[in-house]
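Note sheet for the following structure.
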Amino acid sequence: MLKVVILAAGQGKRMRSDLPKVLHPIAGRPMLTHVIDTARQLGAARICVVYGHGGEQVRETLKALDAPDLAWARQEPQLGTGHAVLQALPALADPAVATVPATAVPLPPTFSTLVLYGDVPLIRAATLRRLIAAAGDTRLALLTAHLDNPHGYGRVIREGNANEGKVLRIVEEKDATAAERAIREINTGILVAPAAALERWLPQLGNRNAQGEYYLTDIVALAVAEGMEIVTTQPESAWESDGINSKAQLAALERIHQRNLAEALMEQGVTLADPARIDVRGVLTCERDVFIDVGCVFEGSVKVGAGATVSAHCVLKDCTIEAGARIQPFCHIDGATVGAQSIVGPYARLRPGAQLAEDVHIGNFVEVKNSTIAAHSKANHLAYIGDATVGSRVNVGAGTITCNYDGANKYRTVIEDDVFIGSDTQLVAPVTVGRGATLGAGTTLTRDAPPEQLTVSRAKQVSIPGWTRPVKQKKV
Ligand code: UD1
Ligand code: MG
């Protein structure tokens, strides 16, 4: 069984931000949540996050992830990575995790402890599964990497200087000799140890080193002294173990993560105009033959149906685009449903509660909020449809506005099937336009319009014969 410690107490000075480092987002979510998600994918019995700087803000922000498997340990002051893991031990010792069925022979389960980092967000579950398997119940497993420029990292010291030699210890950059610094195999920091061994080693760590810190890495020499076997594995991709210390590194890992998401979409059959120019900050689910043009941002949960297209520079959040719909460039869609074969945009805004049925056309500079629009209806130009129920085959003319708000309350507008609304009409809610009615252009509708009739509210047009334009008076 697995326990996981996630170190997240460091300040992250180089981010130059008031936001604690581990709360900076990757794909729209705090980087720490990615690490917790990965730990959960591994089926960890218990996860303990070691927090420090901005601790309360970190806990508050991640409240949504609270569950019995997640514990928090405060590290104050921060005396090094070994000291940090030590703070997690009481939370990980919780006997509640050792849920042995009452009928089973009461053998205590063997736990392994995996150490992860809140600022190493892209480590993949598959890599960690290999590391956990390599550790088994009896070995210490280190995730290492071979870098062309190992500067700053702890180096893996092996017997006989050979790459295959037994691991003897890890030496930190600041404590290393020139010869040790020439070693290119580095410690990523991620490791798996038998839980009982870790509990034995951590209290033995000292801090007599260049940084005066309790180094987690010193457990390697302790394991060697006990005769424990030490194994190493490497991540499949180098970026998996990359940490984030600066805004530039944050941006670099964001791009890598987005590239990975884009590749997964293409694997599912989505056509991306450019996999380097899409941002998914949430979960984007696409059916067959979806086309997505450049510069689109997807947030929250977005579903796109078969054959639908999303044109350039659209922002789609928590919405459903049904099969064959076309979202034209520069649309903002949030909390809405776009029915099959509908056409939206360019430059349309669908706000929460906008529900378009099939074959609805919403054109440029049209805003729809908390309204249902039934099949085959159109609002093609410059309109506001808010708190309205619109029937089928309705034509909403350019410049039409539902006046849904009196400054205190909101009211509904009902437009029944087959209505034709002339341009520049105001519908002062609550108001109903009866089936098949026509509203003349420029109407300000304050009472219900009866079905099938023309309703128009407009000052009568007059022409004044003999009228002349004023002429400029000569200055004297
Ligand atoms: C550590 C490793 C080094 C490795 C490198 C990989 C040690 C002694 N060294 O070095 O071998 O190559 O990571 O990046 O472990 N943290 C705490 N509390 C503390 C100190 C650190 O929570 O008291 C957290 C930090 O927030 C960070 C992580 O531990 O997420 C690593 O700390 P950092 O100081 O960056 O480690 P390095 O000194 O770079
Ligand atoms: Mg350090």
Side-chain angles (χ1 to χ4, degrees), residues 322 325-328 330-464:
E322 289 175 352
R326 268 168 41 209
I327 311 300
Q328 312 223 67
F330 302 105
C331 289
H332 192 280
I333 301 180
D334 177 5
T337 300
V338 174
Q341 311 299 330
S342 289
I343 302 173
V344 176
Y347 299 103
R349 180 173 185 205
L350 304 183
R351 291 170 54 199
Q355 307 239 14
L356 316 185
E358 69 178 296
D359 184 38
V360 166
H361 293 192
I362 298 296
N364 39 243
F365 306 108
V366 173
E367 174 180 346
V368 182
K369 183 215 81 169
N370 189 30
S371 297
T372 58
I373 302 183
H376 316 297
S377 289
K378 297 185 170 87
N380 271 327
H381 329 270
L382 303 152
Y384 173 58
I385 303 174
D387 301 310
T389 304
V390 180
S392 293
R393 297 171 303 278
V394 168
N395 192 328
V396 176
T400 295
I401 288 170
T402 54
C403 309
N404 59 329
Y405 184 52
D406 64 6
N409 297 295
K410 293 197 170 142
Y411 300 96
R412 282 199 84 77
T413 299
V414 176
I415 302 169
E416 294 179 354
D417 293 346
D418 299 297
V419 162
F420 183 96
I421 299 177
S423 298
D424 192 28
T425 294
Q426 298 103 56
L427 300 133
V428 182
V431 73
T432 295
V433 184
R435 189 187 184 98
T438 300
L439 302 186
T443 292
T444 300
L445 194 72
T446 51
R447 281 172 285 127
D448 291 354
E452 309 294 343
Q453 296 181 22
L454 168 67
T455 297
V456 58
S457 80
R458 193 192 288 165
K460 259 217 155 60
Q461 180 171 322
V462 293
S463 301
I464 301 170

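Keep in mind it's a predicted model, so treat the numbers as computed, not measured.
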Nearest heavy-atom pair of [X] and [Y]: which atoms, and what distance?
{"X": "Val394", "Y": "Ser377", "answer": "N-OG, 2.9 Å"}
{"X": "Gly345", "Y": "Cys331", "answer": "CA-SG, 3.4 Å"}
{"X": "Ser342", "Y": "Ala357", "answer": "OG-O, 3.0 Å"}

Under 4.0 Å between a side-chain nitrogen and a carboxylate oxygen: does that hold for Asp334 and Arg351? no
Nearest 0.5 Å please: distance from the [atom1] atom of [X] over to the [atom2] atom of [Y].
{"X": "Ser392", "Y": "Ile415", "atom1": "OG", "atom2": "CD1", "result": "12.5 Å"}
{"X": "Ile327", "Y": "Leu350", "atom1": "CD1", "atom2": "CG", "result": "7.0 Å"}
{"X": "Gln328", "Y": "Ile362", "atom1": "CD", "atom2": "CD1", "result": "12.0 Å"}
{"X": "Arg393", "Y": "Phe420", "atom1": "CZ", "atom2": "CZ", "result": "15.5 Å"}
{"X": "Leu356", "Y": "Thr372", "atom1": "CG", "atom2": "OG1", "result": "9.5 Å"}
{"X": "Ile385", "Y": "Ile421", "atom1": "CD1", "atom2": "CD1", "result": "7.5 Å"}

Extract all donor-acceptor atom pairs below 3.5 Å that involve side chains of residues 403-413 and protein atoms in other chains or at least two apart in sequence.
| from | atom 1 | to | atom 2 | distance (Å) |
| --- | --- | --- | --- | --- |
| Asn404 | ND2 | Tyr384 | OH | 3.4 |
| Asn404 | ND2 | Asp387 | OD2 | 2.6 |
| Tyr405 | OH | Gly407 | O | 3.1 |
| Asp406 | OD1 | Ala408 | N | 2.8 |
| Asp406 | OD1 | Asn409 | N | 2.6 |
| Asp406 | OD2 | Tyr411 | OH | 3.2 |
| Arg412 | NE | Thr389 | OG1 | 3.4 |
| Arg412 | NH2 | Ala388 | O | 2.9 |
| Arg412 | NH2 | Thr389 | OG1 | 3.2 |

Ring pair (Phe, Tyr, Trp, His ring centres under 6.0 Å) contacts touching residues 339-372 (sequence neighbours left out): Phe330-Tyr347, Tyr347-Phe365
Check whether any side-chain N or O of Ser423 sits under 3.5 Å from a backbone N or O of Gly397 as a donor-acceptor pair, and report yes or no. no
Examine distances only and state if a side-chain atom of Ser371 and a backbone atom of Ala354 form a donor-acceptor pair shorter than 3.5 Å. no
For a quick test of your reading: what N or O donor-acceptor pairs under 3.5 Å do the side chains of residues 436-453 make, sequence neighbours left out?
| from | atom 1 | to | atom 2 | distance (Å) |
| --- | --- | --- | --- | --- |
| Thr443 | OG1 | Gly440 | O | 2.6 |
| Thr443 | OG1 | Ser457 | N | 3.2 |
| Thr444 | OG1 | Gln426 | OE1 | 2.7 |
| Asp448 | OD1 | Thr432 | N | 2.9 |

Taking C-beta and beyond as the side chain, do Glu358 and Gln341 meet within less than 4.5 Å on heavy atoms? no
